[in-house]
Visitor: 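Take this structure first; my questions come after.
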Amino acid sequence: RMRSERLLGAARLLKDTARVHARLGRLLMETRASGRDPLRARTDLLAAAQGLDPYAAADEGWQAQSLVLLLRSMVVDLLQVAGADPGQARAVLPEL
């Protein structure tokens, strides 16, 4: 039962994260479409990206590490929508 509860928790977290990703993506696209610079969002996303180290989640199990890897991809996508170039977006992530 403990394992299934962890998996359900991870599934809920992933679902919530996907919703946030979609909402942020829409807001960033609207900001860019209106001609405004999403500097604050880009700055916040750069800071978040620096903390996405799957090795730091090793004590939480492979499910947590997998979620961190998915989040890394999402943050890189959002950084690019916020105006970062692909190389810059990937460079701020902790090394694997």
Visitor: Please identify each residue that fulfils side chain to side chain contact (heavy atoms under 4.5 Å, CB included) with Leu70, with sequence neighbours left out.
Guide: Leu14
Visitor: Kindly state each residue pair satisfying side chain to side chain donor-acceptor pair (under 3.5 Å) with at least one member in residues 83-96, sequence neighbours excluded.
Guide: none
Visitor: What are the two closest non-hydrogen atoms of Gln80 and Pro86, and how far apart are they?
Guide: OE1-CG, 3.5 Å
Visitor: Group every Ile, Leu, Val, Met, Phe, Trp and Tyr by side-chain heavy-atom contacts under 4.5 Å, then state whether Met29 and Leu79 land in the same group.
Guide: yes
Visitor: For Asp44, check salt bridge (charged side-chain N to carboxylate O under 4.0 Å, His left out) against everything at least two apart and list the hits.
Guide: Arg40
Visitor: Closest heavy-atom contact between Pro94 and Ala49?
Guide: CD-O, 3.3 Å
Visitor: Atom CG in Asp53, atom CG in Leu93: separation rounded to 0.5 Å?
Guide: 10.0 Å
Visitor: Just jot down the side-chain hydrogen bond (donor to acceptor under 3.5 Å, both in side chains) partners of Arg42, sequence neighbours excluded, or say none.
Guide: Asp37
Visitor: Report yes if some heavy atom in the side chain of Val92 is under 4.5 Å from a heavy atom in the side chain of Leu45; otherwise report no.
Guide: no
